[in-house]
Amino acid sequence: MDIEFQIKENKVAILIIGMAGTGKTTFVQQLSKQLKNEKHTLINLDPAVYSLPYEPEEDIRKSINYKELMTKNKLGPNGAIMTALNLYSLQLNQLIEKIEKSDSNIQIIDTPGQIEVFTWSASGNLISQTLSMSMPTIIFYVIDIARCQNPNSFMSNLLFSCSIFYKFKLPMVIVFNKCDVADSKQPLEWLRNYDSFTEALKNKDTYLSTLSKQMVLTLEEFYNNFTVLEVSSLTGQGFEKINEVIATAKQEYMNITLVDIQKRMNDQKQKNYDKQINQITQKIQNL
Ligand SMILES: Nc1nc2c(ncn2[C@@H]2O[C@H](COP(=O)(O)OP(=O)(O)OP(=O)(O)O)[C@@H](O)[C@H]2O)c(=O)[nH]1
């Protein structure tokens with residue numbers, strides 16, 4: 001029998017992911033401001049952040065002391081963040097229960113700046129999977145557009161987004177942040193138009209440029225399908241379409257991602273069933 005999910009369709013969880021200093025926290029603050037008429041919950045999953053410009057309703061720092069973890073267990077900064085996330089994963093059910101009971105429709109989740117600690121750890125995976133089995137879950141991948149003015153660094157940023165997309169297998173919105181200090185027109189044109197990207201690399205005849213050209217050709221279709229939001233989290237520019245963007249990503253989760261999650265869960269269930277049958281057969285043969 002297929003596993004049935006009790007997805008809370010009226011809710012959505014938004015994971016804010018991005019490299020250090022790209023503006024995730026400022027984005028969360030601005031998003032909260034823009035969604036002031038919607039019931040939403042702010043959740044901080046960065047155990048090492050010193051101060052936040054918003055008041056989170058749920059905060060990993062309330063239950064886990066990052067500094068104490070470092071000193072007591074002789075851990076480095078990244079090891080302590082990872083351990084804190086692992087410990088927090090043990091309380092995930094309580095968080096999900098709280099969210100499910102609350103009247104808040106949108107959960108905005110700020111993640112650590114040490115991106116790989118969240119994206120490549122078992123706990124990051126567990127957190128995103130648990131959320132996505134309870135309610136529509138989407139990713140906002142924040143990019144600092146000022147760091148994308150060179151085609152090669154733009155490509156390396158995109159490759160990172162691609163790896164995150166494959167890791168989490170959730171609908172993803174690319175956020176070009178800091179549009180008040182750098183123009184996003186050129187990077188957006190590179191993203192949508194292969195010819196303009198190769199044109200930008202015309203005079204850069206290095207190994208890296210050749211690789212970038214090949215990568216963009218391979219990934220053209222993939223990038224064309226991403227929704228891009230051009231914003232300034234500082235000034236609030238570009239947030240007019242935020243509700244529409246969230247609704248579209250949520251719909252993608254309902255139409256595509258949920259089916260995929262269901263299939264993966266049923267395959268896993270089938271594997272467990274086959275394993276049990278094998279174990280029973282083995283026992284019978286050994287009698
Ligand atoms: N000009 C400008 N600055 C911004 C914008 N968004 C964030 N910043 C600045 O960028 C710096 C980093 O912003 P944060 O929001 O702390 O970035 P973060 O990604 O949460 O940082 P970590 O969690 O430490 O990785 C701060 O000085 C912000 O004021 C923006 O849209 N425009």
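Both counts, for ligands and for their atoms, begin at 1 and track the order of listing.
- For F165 and Y141, the ring centers are positioned 6.0 Å apart or more.
- Using modelled atom types, one finds a donor on one side chain and an acceptor on the other under 3.5 Å when comparing S104 with T41.
- Residue pairs meeting the side chain to side chain donor-acceptor pair (under 3.5 Å) criterion with at least one member in residues 165-179, sequence neighbours excluded: D144-K178, N177-S233.
- For a heavy-atom separation below 4.0 Å, the residues in contact with ligand 1 are M19, A20, G21, T22, G23, K24, T25, T26, G113, N177, K178, D180, V181, S232, S233, L234.
- In this structure, L234 stands alone, with no Ile, Leu, Val, Met, Phe, Trp or Tyr side-chain heavy atom under 4.5 Å from its own, directly or through other members.
- Note on residues 28-37: no pairs pass salt bridge (charged side-chain N to carboxylate O under 4.0 Å, His left out), not counting sequence neighbours.
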Derivation and outcome, side chain to side chain donor-acceptor pair (under 3.5 Å), residues D180 and T235:
CA-CA 7 Å; D180 57 309; T235 66; 5.4 Å; no

